[in-house]
Amino acid sequence: MGRVWDANSYDRVGGPMTAMAAAVLDRLHLSGSETVLDAGCGTGRVSELLLARLPRGRVIAVDADPDMVAIAAANLGDRADVRRADLLDLALDEPVDAILSTATFHWVLDHERLFGRLAAALRPGGQLVAQCGGRGNIISLRRAAEEVMAEDRFATWFGGWQAPWTYAGPEETAARMERAGFVAVRTWLEPHSIVPDDPAQYLATIVLGAQVQQLPTNLRASFVERVIDRLPAPLTLDYVRLNIDALLGKAGSPTE
Ligand SMILES: C[S@@+](CC[C@H](N)C(=O)[O-])C[C@H]1O[C@@H](n2cnc3c(N)ncnc32)[C@H](O)[C@@H]1O
């Protein structure tokens, strides 16, 4: 896994993420007694919405970040099985009936391996429903951030910088899913604008967290302010979400 997360701050400012996830959750077909994996559960806010749909079922909530896992465990208590694991190394004892993932896959750079691990964790015929940043996501913000990163004051901290995200397109994603053994794959992009209540905190915590962590503490706030200053007010994030719906083929994952 790449960056670390300020989980306390994410739990406070992540409301727009939870709101986007609610519509994704609606795409899961549940009878209420399934075991569902929340892949990249963060602080467990979406896992909570999922739990409400599973009165007789179970949620396995997995995240790689130790602080996210700690807060998710506190938020969910014994209602969910919260585990710390990198999705790229995911190995469950028993396959789950379904997988939900929101706002996570773009933080994982190796999608080929990611979909292979998810296929191995899902029972044949099980449903995967996901949404993450897709091709063209937050393009104006990314351009503004790159310009500020190149400014004299900041450039020295970004030597060898590699973007922490991959914003994949629907066609390449569908092909990867099919190679991993998924069938009935549907992938599509969906624009979604968000105007955060506290733009500086939102950017520092979520979107620009990896950039901010490259910088010494005394430069962090001014970096974020410089990015905000380059964009029209009020700050509007032009999200483009990549939606993924698929079933695991009856033959299961070809990698297992
Ligand atoms: C923006 S948060 C989304 C959290 C939650 N799903 C939501 O919608 O609010 C992204 C989460 O993905 C997790 N994540 C990123 N890469 C991961 C990986 N390789 N394995 C497991 N979790 C990962 C991060 O630790 C973080 O908690």
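Not measured: the values here are computed from a predicted model. Whatever order the structure lists them in is the order used to number ligands and atoms, beginning at 1.
At least one N or O atom of Leu87 sits closer than 3.5 Å to an N or O atom of ligand 1. An N or O contact shorter than 3.5 Å links Tyr10 to ligand 1 by distance. Distances between N or O atoms of Asp38 and those of ligand 1 include no value under 3.5 Å. Checked by distance only, ligand 1 and Ala64 come closer than 3.5 Å through their nitrogen or oxygen atoms.
Residue contacts with ligand 1: Met68 is included, with a non-hydrogen atom under 4.0 Å away. Heavy atoms of Cys41 come nearer than 4.0 angstrom to ligand 1 in at least one pair.
When side chains are defined from C-beta on, Leu242 does not count as touching Tyr167, because their heavy atoms never get closer than 4.5 Å. When side chains are defined from C-beta on, Val207 counts as touching Tyr239, because their heavy atoms get closer than 4.5 Å.
In terms of modelled atom types and a separation under 3.5 Å, the side chain of Arg176 and the main chain of Leu114 share no donor-acceptor contact. Listed for the Arg84 side chain is a donor-acceptor partner under 3.5 Å among the backbone atoms of Ala64. Panel note: side chain Arg79, backbone Asn75; a donor-acceptor pair is recorded below 3.5 Å. Panel note: side chain His192, backbone Asp238; no donor-acceptor pair is recorded below 3.5 Å. A donor-acceptor pair is defined here as one N or O able to donate and one able to accept, closer than 3.5 Å; such a pair exists between the side chain of Asn137 and the backbone of Val240. Using a distance-only test at 3.5 Å, with no hydrogens or angles considered, no donor-acceptor pair links the side chain of Thr102 to the main chain of Ala21. In this structure, Asp63 contributes its side chain and Gly42 its backbone to a donor-acceptor pair below 3.5 Å. Put simply, the side chain of Thr205 never gets that close to the backbone of Tyr202: no donor and acceptor are under 3.5 Å apart.
Close approach of ligand 1 to Gly40 (heavy-atom distance below 4.0 Å) involves ligand atoms 4 (C), 5 (C), 6 (N). The contact set between ligand 1 and Asp65, taken as ligand atoms under 4.0 Å from a residue heavy atom, comprises 25 (O). Listed by number with element, the atoms of ligand 1 under 4.0 Å from a non-hydrogen atom of Gly42 are 4 (C), 27 (O). Counting the atoms of ligand 1 from 1 in the order shown, those under 4.0 Å from a heavy atom of Trp5 are 1 (C), 10 (C), 24 (C), 25 (O), 26 (C).
With a 4.0 Å cut-off on non-hydrogen atoms, Ala85 touches ligand 1 through its backbone and not its side chain. The part of Val46 lying near ligand 1 is the side chain, judged by heavy-atom distances below 4.0 Å. When non-hydrogen atoms are compared, ligand 1 lies under 4.0 Å from the side chain of Val108 (C-beta onward) but not from its backbone. Contacts of Ala7 with ligand 1, taken as heavy-atom pairs under 4.0 Å, are absent altogether.
Evaluated by nearest non-hydrogen atom to atom 25 (O) of ligand 1, the leading choice among Leu114, Asp63, Leu88 is Asp63.
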